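Owing to the predicted nature of the structure, the values given are computational and were not obtained by experimental measurement. Heavy atoms only: backbone and side chains are in, while hydrogens, waters and symmetry mates are out. Whatever order the structure lists them in is the order used to number ligands and atoms, beginning at 1.
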Amino acid sequence: MTRQEYIQAQGRFFITDEPDAKVPLGSMPNQYRWGVDRLKEFLGPLVERGLASVIVFGVPVLKEKDEVGTLADDVDGPVIQAIKKIRELFPSVYVAADVCLCEYTSHGHCGVLLEDGTVDNSKSIARLAEVAVAYAKAGAHCVAPSDMMDNRINAIRQGLARHGLAGRTTVMSYSAKFASSMYGPFREAVASAPSFGDRRCYQLPANARGMARRAIVRDVQEGADIIMVKPALPYLDILADARELAPDYPLACYQVSGEYAMLHATANAGIGDLRRLVEETMVSFLRAGASLILTYFTPELLTWLDSPLPA
Ligand code: PBG
Ligand code: ZN
């Protein structure tokens, strides 16, 4: 594997609203919640090593969350502040932002709810579109809706168009997102576990290959620019399906927090070499058809790529 093949690895990290924070994330070795004032220290060395692209996730801890996720597009909130800061500090870096409400709602669900606790689709997609527009206005090159609700890509594209942002904002859709047990470390990191119920009504069951294929086609029809499959390793067949269904689209896969934790745990247990394990997963994503990989291992990969292992 060469640097050229990996260059699309997208660094992923968590931003919090405490400007000076560097809080270790218990279940994710080497991962922290970063404050905006420490982005230079964190990203500077990575950009020097070739980091080209990042995706940010907001973790508000200071202000109170509400039912509609007002904090998602708070101008003083972590995501908008981080987007502006990264654009200013590192003009060459491509900045993407995860768009969802679960990190910001009091109930921890990805949308706005009806009285009976079910998702209000039209209110949810209108709210997601507002948030996406706010991130694009702040300077995000790419917005990445991770909620899986019907018609949100359409709503986001219309919102961007109304604000004259459509031409310069990429929409990366979490198209085939499975209700996985591998999001545990992420939810712990961002304290976004739903307070009741689960996400099965808007995320796919593990065995739903047909629904995943339909969701990919749906997002292409709604106008997504990049299609994503998540998690990555347990869903390589879906990734290969997406490559076939959307041959002319950039295809992303998301190596999620549980995959990251699993690989570390394997290495820590002495039953595998971390670097070899990680590189093998990367090769498998590329082989299945991915052209873009979102991974928490990006910092390590930037180093490893400079010294290829003997075959
Ligand atoms: C928010 C979101 C999640 C992840 C990315 N965006 C969590 C979820 O759906 O529960 C998962 C990230 C990971 O596990 O690394 N919708
Ligand atoms: Zn969500």
Side-chain angles (χ1 to χ4, degrees), residues 9-15 25-33 54-60 65 67-69 71-73 78-79 96-113 119-121 124-125 127-128 131-132 135 142-150 152-153 156 172-206 215 226 228-235 252-265 278 281 285 293-298:
Q10 190 165 42
R12 329 212 346 240
F13 60 94
F14 302 103
I15 303 278
L25 304 180
S27 44
M28 300 177 72
N30 306 330
Q31 298 290 321
Y32 301 85
R33 281 202 310 249
V54 295
I55 180 164
V56 297
F57 298 85
V59 190
K65 303 182 182 186
E67 307 244 295
V68 294
L71 293 182
D73 50 357
V79 177
D98 190 83
V99 175
C100 204
L101 299 183
C102 54
E103 300 98 311
Y104 312 98
T105 48
S106 42
H107 44 70
H109 281 281
C110 301
V112 180
L113 304 180
V119 172
D120 182 331
N121 181 274
S124 296
I125 64 178
R127 181 77 193 107
L128 290 160
V131 173
Y135 294 169
C142 172
V143 290
S146 61
D147 54 284
M148 277 292 276
M149 287 168 204
D150 281 333
R152 90 269 203 222
I153 301 299
I156 287 173
M172 173 162 72
S173 176
Y174 287 68
S175 301
K177 175 170 176 178
F178 289 84
S180 171
S181 39
M182 294 191 190
Y183 305 146
F186 175 96
R187 291 185 189 169
E188 193 187 314
V190 308
S192 74
S195 58
F196 61 90
D198 58 36
R199 299 202 170 123
R200 293 218 164 78
C201 50
Y202 43 93
Q203 298 182 359
L204 302 167
I226 304 176
M228 193 207 295
V229 173
K230 170 190 168 185
L233 200 57
Y235 297 96
C253 66
Y254 189 136
Q255 187 174 48
V256 301
S257 57
E259 297 179 74
Y260 178 83
M262 247 170 17
L263 292 166
H264 268 289
V278 172
T281 64
F285 304 152
I293 299 163
L294 288 81
T295 173
Y296 298 98
F297 286 111
T298 302

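Looking at Glu103, its side chain never comes within 3.5 Å of a backbone N or O of Phe57 through a donor-acceptor pair. Without hydrogens or angle criteria, Arg152 side chain to Leu128 main chain gives no donor-acceptor distance under 3.5 Å.
Residue Gln203 has at least one heavy-atom neighbour below 4.0 Å for each of these atoms of ligand 1: 9 (O). Shown in contact with Tyr296 at under 4.0 Å from a heavy atom are these atoms of ligand 1, numbered in order with element: 13 (C), 15 (O). Heavy-atom proximity to Ser146, at under 4.0 Å, picks out these atoms of ligand 1: 1 (C), 2 (C), 6 (N), 16 (N). Within ligand 1, the atoms closer than 4.0 Å to a non-hydrogen atom of Lys177 are 1 (C), 2 (C), 3 (C), 8 (C), 9 (O), 16 (N), numbered from 1 in the order shown. Short contacts between ligand 1 and Cys102, defined as distances under 4.0 Å to a heavy atom of the residue, involve ligand atoms 1 (C), 16 (N).
A heavy-atom separation below 4.0 Å is found between Lys230 and ligand 1.
Between Phe186 and Phe14, the closest side-chain pair of non-hydrogen atoms falls below 4.5 Å. No side-chain heavy atom of Met262 sits under 4.5 Å from any side-chain heavy atom of Leu233. Between Phe297 and Leu263, the closest side-chain pair of non-hydrogen atoms falls below 4.5 Å.
In this pair, His107 and His109 present their aromatic rings tilted. The plane angle is within the 30 to 60° band. Using cut-offs of 30° and 60° on the angle between ring planes, the pair Tyr254 and Tyr296 is perpendicular.
Using a 4.0 Å cut-off between heavy atoms, Cys100 contacts ligand 1 through its side chain alone, with no backbone atom that close. By the criterion of a heavy-atom distance under 4.0 Å, neither the backbone nor the side chain of Asp147 is placed next to ligand 1.
Looking at Gln255 next to ligand 1, no N or O pair under 3.5 Å apart turns up. No N or O atom of Glu103 sits closer than 3.5 Å to an N or O atom of ligand 1.
Between Leu25 atom CG and Arg33 atom CZ the span is 6.5 Å, to the nearest 0.5 Å.
In this structure, Lys230 is positioned above the aromatic face of Tyr183, its NZ or CZ under 6.0 Å from the six-membered ring centre and within 45° of the axis.
In summary, an N, O or S atom of Cys110 is located under 2.8 Å from the Zn ion (ligand 2).
Of the candidates Phe178, Tyr254, Tyr260, the one placing a heavy atom closest to atom 12 (C) of ligand 1 is Tyr254. If you check each of Ala261, Gly108, Ser257 against atom 13 (C) of ligand 1, the one with the closest non-hydrogen atom is Ser257.
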